[in-house]
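Heads up: the structure comes next, in structure tokens.
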Amino acid sequence: SRFVIIDARRPDQFEEGRIGESVNIFPYDDEMVYMDKLYSLPPDKVVIVYCDGGTCDLSHHVAEDLANNGFESVFIYKGGWEEWTGETQN
């Protein structure tokens with residue numbers, strides 16, 4: 001496929017459910033582990049990052065780090081897991 005989906009939520013949340021074939025990259029993981037995961041991504045693909053949505057800023061953290069490391073096509077799915085599963089609480 002032409003894109004990679006990154007789930008920036010905590011590993012336990014990721015285990016409970018994810019969007020498609022997403023990869024879990026939690027920005028507050030051990031820094032070496034986190035950077036290794038970022039560098040293992042194919043830089044020529046479109047990267048879509050999500051977290052819980054709403055006030056969750058984990059996806060922004062990951063997207064910024066990717067952009068700073070030469071990834072050119074990075075997008076944030078702002079609705080995140082809440083929107084995807086229809087679990088928005090108003």
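The structure displayed is predicted, hence computed values, not measured ones.
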To the nearest 0.5 Å, what is the distance between CG on Asp52 and CZ on Arg9? 6.0 Å
Side chain to side chain contact (heavy atoms under 4.5 Å, CB included) evaluation trace for Ile76 with His60: CA-CA 7 Å; Ile76 294 172; His60 294 269; 3.3 Å; yes
Would you call the rings of His61 and Tyr34 parallel, tilted or perpendicular if under 30° counts as parallel and over 60° as perpendicular? tilted
Ile6 reachable from Phe14 in the ILVMFWY side-chain graph, under 4.5 Å edges: no
Taking all non-hydrogen atoms of both residues, which atom of Pro11 and which atom of Asn24 are closest, and how far apart? CA-OD1, 3.2 Å
What closest approach, in Å, do Asn69 and Asp65 show between heavy atoms, and which atom pair accounts for it? ND2-O, 2.6 Å
Cluster link Ile48 to Leu41, ILVMFWY, side chain under 4.5 Å: no
Nearest 0.5 angstrom please: Cys56 SG to Gln13 CD, how far? 7.5 Å
Path from Leu58 to Met35 over hydrophobic side-chain contacts below 4.5 Å: no
For residues Tyr77 and Trp81: do they belong to one hydrophobic cluster (side chain heavy atoms under 4.5 Å, members Ile, Leu, Val, Met, Phe, Trp, Tyr)? yes
What is the distance from atom CD of Glu31 to atom CG of Asp36, rounded to the nearest 0.5 Å? 10.5 Å
Between the CD1 atom in Ile25 and the CG atom in Leu66, the distance rounded to the nearest 0.5 Å is 7.0 Å
For the residue pair Asp7 and Ile19, establish whether any side-chain heavy-atom pair is separated by less than 4.5 Å. no
Cluster overlap Tyr50 with Val62, hydrophobic side-chain contacts below 4.5 Å: no
For Val49 and Ala8 the tightest heavy-atom approach is CG1-CB, 4.2 Å
Would you indicate whether Lys78, at its atom NZ, is surrounded by more than 12 heavy atoms from other residues, nucleotides or ligands within a distance under 6.0 Å? no
